[in-house]
There are 2 protein chains.
Amino acid sequence: MDKEENDSRCEQCIIRQFNALRAMSKEELKKVSDSKITRKIKKGESIFEEGEKLNGVFCVRNGVSKLSKLSANGKDQIVKLATKGEVMGQRSIIAEEHSNLSAVAVNDMEVCYIPKESIVHTLKSNPDFAVEVLRHMAHDLREADDVIVNMSQKTVKQRVAEAFLYLKNNFGEDKDGFLALTLSREDIANVVGTATESCIRIISEFRKKGFLKTSGKRIGIADERKLQDLVEGF
Amino acid sequence: MDKEENDSRCEQCIIRQFNALRAMSKEELKKVSDSKITRKIKKGESIFEEGEKLNGVFCVRNGVSKLSKLSANGKDQIVKLATKGEVMGQRSIIAEEHSNLSAVAVNDMEVCYIPKESIVHTLKSNPDFAVEVLRHMAHDLREADDVIVNMSQKTVKQRVAEAFLYLKNNFGEDKDGFLALTLSREDIANVVGTATESCIRIISEFRKKGFLKTSGKRIGIADERKLQDLVEGF
DNA sequence: TTGAAAAGCTGACAATTATCATATCTATGT
DNA sequence: ACATAGATATGATAATTGTCAGCTTTTCAA
């Protein structure tokens with residue numbers, strides 16, 4: 001077994017520590033490992049579409065994917081950004097529904113596709129795994145509740161500020177102090193739930209006020225405190 | 001055993017068919033039944049508060065409860081209306097977090113308080129139960145995603161219209177054609193995520209246009225089709 | 001390298017929604 | 001029945017946000 005292949009075995013995968021797969025037994029993990037397919041996905045490529053019937057879940061090894069839902073007026077609302085270690089599509093598999101979200105790569109990605117059989121089987125036979133999945137879903141649900149409140153009770157400006165703090169906390173910064181995850185202005189608008197132009201305008205305003213710095217499409221946080229204050233309502 | 005007591009045993013409880021408790025074995029159910037406490041709660045009374053540490057879950061036998069979260073600007077956002085058969089507080093128990101929501105009775109209620117021990121124990125020993133809980137949570141999560149999209153992409157008018165259709169579909173109408181669940185205008189505004197005055201204004205507008213009929217605080221749907229069209233964006 | 005095409009930016013204006021003030025109604029307990 | 005607090009209603013106005021149009025910059029592939 002060469003090193004390359006070794007790296008790709010779930011048993012060795014570090015990513016697993018961050019998701020529910022860590023509750024699987026050695027044997028279960030081996031089954032998953034044998035049935036999974038690792039795929040490289042290029043920036044902008046689609047992983048699955050809203051309404052599609054999923055026959056497995058996707059475990060993100062590298063890169064970031066946006067999970068979004070198309071609204072009646074033709075705009076995408078980004079509901080979640082899934083990164084290293086996160087599992088996409090599990091909600092649909094568990095509820096036995098078609099996917100309610102689309103997944104598109106925000107940058108180049110590597111994902112493992114795990115057919116649902118091994119997941120469903122383990123769910124039914126290993127309560128620890130089921131509880132672990134449950135815990136993750138409980139966490140997602142809490143986050144969703146928080147987003148609902150933010151959407152309805154905060155201004156667009158506050159939500160934009162919050163989005164940048166979120167990006168910094170979850171994806172970090174590069175050596176020049178720019179956000180490590182570069183999203184288009186349109187994507188940011190779709191996370192925040194506003195018009196692209198409004199989003200751009202607010203970014204400009206924040207730049208002029210010294211809260212942010214920009215360089216092309218790259219954005220960096222210049223005054224985290226001020227942004228935080230704004231989110232809190234000052 | 002008198003009839004009263006018989007009715008209150010979980011094994012006989014019809015409500016159970018609507019939630020995850022149906023996946024419990026006879027013995028598990030008996031334990032739950034022995035440890036649970038049935039409580040009557042009056043309209044407006046609080047069941048639990050945001051930030052409170054819950055030591056059990058609440059199963060709704062009768063009546064309706066609003067689950068809400070206080071926002072920074074002092075307004076409540078109602079995230080969910082829990083009715084007969086629904087279980088409240090399970091998310092917090094599973095995630096082992098303090099509650100992220102408050103629960104207040106919208107009308108007179110009867111709820112069963114089930115200490116977390118029997119729930120947690122069954123989760124870990126009965127995979128069918130865990131999967132059933134998971135399924136319910138997956139469903140809640142999907143609904144939450146939908147709410148996020150509605151909040152950010154629909155106008156207040158559309159969301160008000162949608163709220164009334166939701167109330168009709170989930171709680172029905174009385175013999176006079178008014179919604180069976182009567183919420184205050186403020187509560188409706190808090191579901192929709194808008195100012196109470198805006199909500200009232202829109203209700204007046206809908207009444208004048210013949211979409212709704214009102215009688216005091218009672219509201220009835222007069223033209224479901226028109227409301228539906230409005231939601232769809234026509 | 002270069003020339004579309006896409007993304008970013010800004011102004012002008014319109015539409016939506018919130019806020020404040022005030023008036024009227026109505027449900028509820030005594 | 002009646003007082004009254006709380007809920008509902010409406011006007012006036014301000015603030016926020018969206019839309020459309022046109023321009024500039026950046027990106028990316030030929």
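- If you take CD of B:Q158 and P of D:dT17, they are 18 Å apart, rounded to a whole angstrom.
- If you measure from atom NZ of B:K217 to atom C1' of D:dA9, you get 15 Å, rounded to the nearest angstrom.
- There is no side-chain donor-acceptor pair under 3.5 Å between A:S99 and A:E52.
- Residues B:D140 and B:K80 are paired through a salt bridge, judged by an N-O separation under 4.0 Å between the basic side chain and the carboxylate.
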Exercise. Do A:N100 and B:D145 pass the side-chain hydrogen bond (donor to acceptor under 3.5 Å, both in side chains) test, and can you show the C-alpha distance, the side-chain angles, and the key distance before you say yes or no?
Worked result: CA-CA 8 Å; A:N100 62 326; B:D145 284 347; 3.2 Å; yes

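- In this structure, A:K75 reaches the D:dT19 phosphate: one of its side-chain N or O atoms is under 4.0 Å from OP1 or OP2.
- Across all strands shown, A:S204 has heavy atoms under 4.0 Å from sugar-phosphate atoms exclusively, and none from any base.
- Between the P atom of C:dA18 and the CD1 atom of B:I202 lies a distance of 8 Å, rounded to the nearest Å.
- Side-chain atoms of B:R201 and base atoms of D:dG11 include a donor and an acceptor less than 3.5 Å apart.
- The separation between A:I203 atom CD1 and D:dT17 atom C1' is 16 Å, rounded to whole Å.
- The 5' end of DNA chain D is approached more closely, in terms of each residue's nearest nucleotide, by B:E197 than by the other of B:E197 and A:G193.
- Closest-nucleotide positions on DNA chain D for A:T155 and A:S215 were compared, and the one nearer the 5' end corresponds to A:T155.
- Between the side chain of B:R185 and the base of D:dG6, no donor-acceptor pair of N or O atoms lies under 3.5 Å.
- One interatomic measurement links the two molecules: CG of B:N73 to P of C:dT19, which rounds to 7 Å at whole-angstrom precision.
- With D:dT19, D:dT8, C:dG8 as the candidates, the nucleotide lying closest to the side chain of A:I200 is C:dG8.
- Spacing between atom CG of A:L212 and atom P of C:dG8 amounts to 14 Å, rounded to whole angstrom units.
- The shortest distance between the side-chain N/O atoms of B:T194 and the OP1/OP2 oxygens of C:dA18 is below 4.0 Å.
- Between the side chain of B:R218 and the base of C:dT26, no donor-acceptor pair under 3.5 Å is found.
- By the 30° and 60° cut-offs, the orientation of the rings of B:F206 relative to B:F211 is tilted.
- Atom CZ in A:F206 sits roughly 16 Å away from atom C1' in C:dC9 (whole-Å rounding).
- Listed candidates were C:dG8, C:dA18, D:dT8. Nearest to the side chain of A:S184 is C:dG8.
- Atom pair B:K157:NZ and D:dG18:P shows a separation of 16 Å (rounding to whole Å applied).
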For this session: Please lay out, stage by stage, how A:Q228 and A:E224 fare under the test side-chain hydrogen bond (donor to acceptor under 3.5 Å, both in side chains).
Result: CA-CA 6 Å; A:Q228 191 60 54; A:E224 182 162 357; over 6 Å; no

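- Counting non-hydrogen atoms under 4.0 angstrom, A:T196 reaches nothing in the nucleic acid.
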